[in-house]
Amino acid sequence: MDIKDIKTQELVKKYNFKFSKSLGQNFLVDGSVLEDIVEGADVCEDDLVIEIGPGVGTLTAQILKKAKRVVAVELDTDLIPILENELGDNPKFSLIHKDALKVDFNEIIGDEESVKLVANLPYYVTTPIIAKLLNEGYKFKSLTIMIQKEVAERINSEPNCKEYGALSILVQYYCDTRIVRRVPPSCFIPRPKVDSIVIRLDKLEKPRVDVKDKKLFFDVVRNSFNMRRKTLWNATKGFNLSKEDLEKAFENSDIDQKRRGETLSLQEFANLANAIYDQIHK
Ligand code: SAM
């Protein structure tokens, strides 16, 4: 990619754009990162790409060269006229002025077969956006997202690591994960204080483990990590089971009640949640 394609600084100047810290605005100014995101996402001509937070449209313009269509969702009112002016003539581009957390993505996806999400996510809402995109069951093939390095490490973490938590379970339940590249602060204006990672999450055909009740499963996971220092026994006491029934659930799932949540694999969480389910519904 020709570095001259990267018009971020020029556009910021042209429109006298003022960055908003509270909206997580760190715009990319490095051509190699844009290239790696588009390649990492494997954007091709059949794809509807949904981009969250297009900024001044630098990444959007590169995606438009490869995709069938791009729908961008931007919250900042000041960016809307800039995006319309710069990209509005492209018939493949459409823009939704809305908080991504309030969007029903099914309305955008419609009956498109190949849908990919690509975003340099605003860091202040990274986790709620990922949770929404996965939990609401949209038929994305993949999410290729730039996130804070620490969040990527949490996503990719394994039992007994200090980064392992509810976010690791959530993402690994629904997706395969692959780190595309690391991105230093110098690739953005203004420069963030932290390193970033581009990570690709490929949605699995079906979740990695079978659970009888998804809500109960994620409640068990959440309770276990909310009380990190406590045993699983203490973390699961709130499920309205008698002492005997809860003991039976641990026995049936072959999990020692004195263990802590951070030691359980995804499969073990599923086994425990399913055994609790069986006791609730016996
Ligand atoms: N894509 C651009 C780039 O890579 O240079 C900008 C990325 S910047 C990290 C995040 C973008 O998300 C900004 O344009 C910001 O205004 C937008 N944004 C922040 N919160 C949002 C939300 N809740 N919904 C949609 N867009 C949001």
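Just so it is clear, the model here is predicted, and its values are computed rather than measured. Both counts, for ligands and for their atoms, begin at 1 and track the order of listing. Computation of the quantities below employed the complete heavy-atom set of this structure, encompassing side-chain atoms and omitting hydrogens, waters and symmetry-equivalent molecules.
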Enquirer: Donor-acceptor check, side chain of H97 to backbone of L75, threshold 3.5 angstrom: yes or no?
Expert: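 It does hold such a pair.
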Enquirer: Are more than 12 heavy atoms from other residues, nucleotides or ligands located less than 6.0 Å from atom NZ of K230?
Expert: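 For K230, atom NZ is not crowded (no more than 12 foreign heavy atoms under 6.0 Å).
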Enquirer: Going only through I, L, V, M, F, W and Y residues with side-chain contacts under 4.5 Å, is there a path from L117 to I179?
Expert: yes
Enquirer: Under a 4.0 Å N-O cut-off, is there an ion pair linking D176 with R200?
Expert: no
Enquirer: What do we get for A119 next to ligand 1 when only non-hydrogen atoms under 4.0 Å count, side chain, backbone, both or neither?
Expert: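 Contact part for A119 vs ligand 1: neither.
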Enquirer: Suppose I only count heavy atoms of Q25 and a 4.0 Å limit; which atoms of ligand 1 are within that range?
Expert: 13 (C), 15 (C), 16 (O)
Enquirer: More than 12 foreign heavy atoms under 6.0 Å from NZ of K248: is that the case here?
Expert: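 Not buried by this count: 12 neighbours or fewer within 6.0 Å.
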Enquirer: Any idea which atoms of ligand 1 are less than 4.0 Å away from a heavy-atom of E51?
Expert: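 Here the atoms of ligand 1 in question are 1 (N).
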Enquirer: With a 4.5 Å limit on heavy-atom distance, are the side chains of S186 and R191 in contact?
Expert: yes
Enquirer: Heavy atoms only: which of N120, I129, L83 lies closest to atom 3 (C) of ligand 1?
Expert: N120
Enquirer: Which of the atoms of ligand 1 are close to V73, meaning less than 4.0 Å from one of its heavy atoms?
Expert: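 So the answer, numbered in order with elements, is 25 (C), 26 (N).
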Enquirer: Under 4.0 Å from a heavy atom of D76: give me the atoms of ligand 1 that qualify, with their elements.
Expert: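 Matching atoms, with element in brackets: 16 (O).
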Enquirer: Run the numbers for me: atoms of ligand 1, each under 4.0 Å from some heavy atom of A100, listed by number.
Expert: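 Reading through ligand 1 atom by atom, the close ones are 22 (C), 23 (N), 24 (N), 25 (C).
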Enquirer: Compute the ring centroids of F225 and F269, then answer whether they are less than 6.0 Å apart.
Expert: yes
Enquirer: Side chain, backbone, both or neither: which part of K98 comes within less than 4.0 Å of ligand 1 when only heavy atoms are counted?
Expert: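 Only the backbone of K98 comes within reach of ligand 1.
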Enquirer: Can you check whether V103 reaches D99 side chain to side chain, under 4.5 Å on heavy atoms?
Expert: no
Enquirer: With a cut-off of 4.0 Å, which atoms of ligand 1 are near a heavy atom of G24?
Expert: 8 (S), 9 (C), 10 (C)
Enquirer: Looking at K149 and E153, does any basic side-chain N land under 4.0 Å from a carboxylate oxygen?
Expert: yes
Enquirer: Counting heavy atoms not belonging to D104, are there more than 12 under 6.0 Å from its CG?
Expert: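 Enclosed.
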Enquirer: With under 30° as parallel and over 60° as perpendicular, where do the rings of F218 and Y173 fit, or are they tilted in between?
Expert: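 Perpendicular.
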Enquirer: Could you identify the single nearest non-hydrogen protein atom to atom 2 (C) of ligand 1 and state the distance to 0.1 Å?
Expert: P54 O, 3.4 Å
Enquirer: May I ask you to list the atoms of ligand 1 that are less than 4.0 angstrom from any heavy atom of D99?
Expert: 22 (C), 23 (N), 24 (N)
Enquirer: Which residue and non-hydrogen atom of the protein lie closest to atom 19 (C) of ligand 1, and at what distance in Å?
Expert: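 The answer is L23 O, 3.1 Å.
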Enquirer: Have a look at ligand 1 and work out which part of Y124, if any, has a heavy atom under 4.0 Å from it: side chain, backbone, both or neither.
Expert: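 Contact part for Y124 vs ligand 1: side chain (C-beta onward).
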Enquirer: Between Q148 and D195, does the side chain to side chain contact (heavy atoms under 4.5 Å, CB included) criterion hold? Intermediate values first, please.
Expert: CA-CA 6 Å; Q148 220 174 300; D195 277 338; over 6 Å; no
Enquirer: Is N26 close to ligand 1, meaning an N/O of one under 3.5 Å from an N/O of the other?
Expert: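 So ligand 1 has no N or O lying under 3.5 Å from an N or O of N26.
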Enquirer: Between the candidates G53, C187, S22, which shows the shortest non-hydrogen contact distance to atom 1 (N) of ligand 1?
Expert: G53
Enquirer: Which heavy atom of the protein is the closest neighbour of atom 26 (N) of ligand 1, given with residue, atom name and distance?
Expert: L75 N, 3.5 Å
Enquirer: Would you mind checking which non-hydrogen protein atom is closest to atom 17 (C) of ligand 1, with the distance to 0.1 Å?
Expert: E74 OE2, 3.3 Å
Enquirer: Does an N or O from L79, backbone or side chain, lie closer than 3.5 Å to an N or O of ligand 1?
Expert: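 It does not: no N or O of L79 is found under 3.5 Å from an N or O of ligand 1.
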Enquirer: For atom 5 (O) of ligand 1, what's the nearest protein heavy-atom neighbour? Residue, atom name and distance, please.
Expert: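 Scanning the protein heavy atoms, the shortest distance from atom 5 (O) of ligand 1 goes to L28 N, 2.8 Å.
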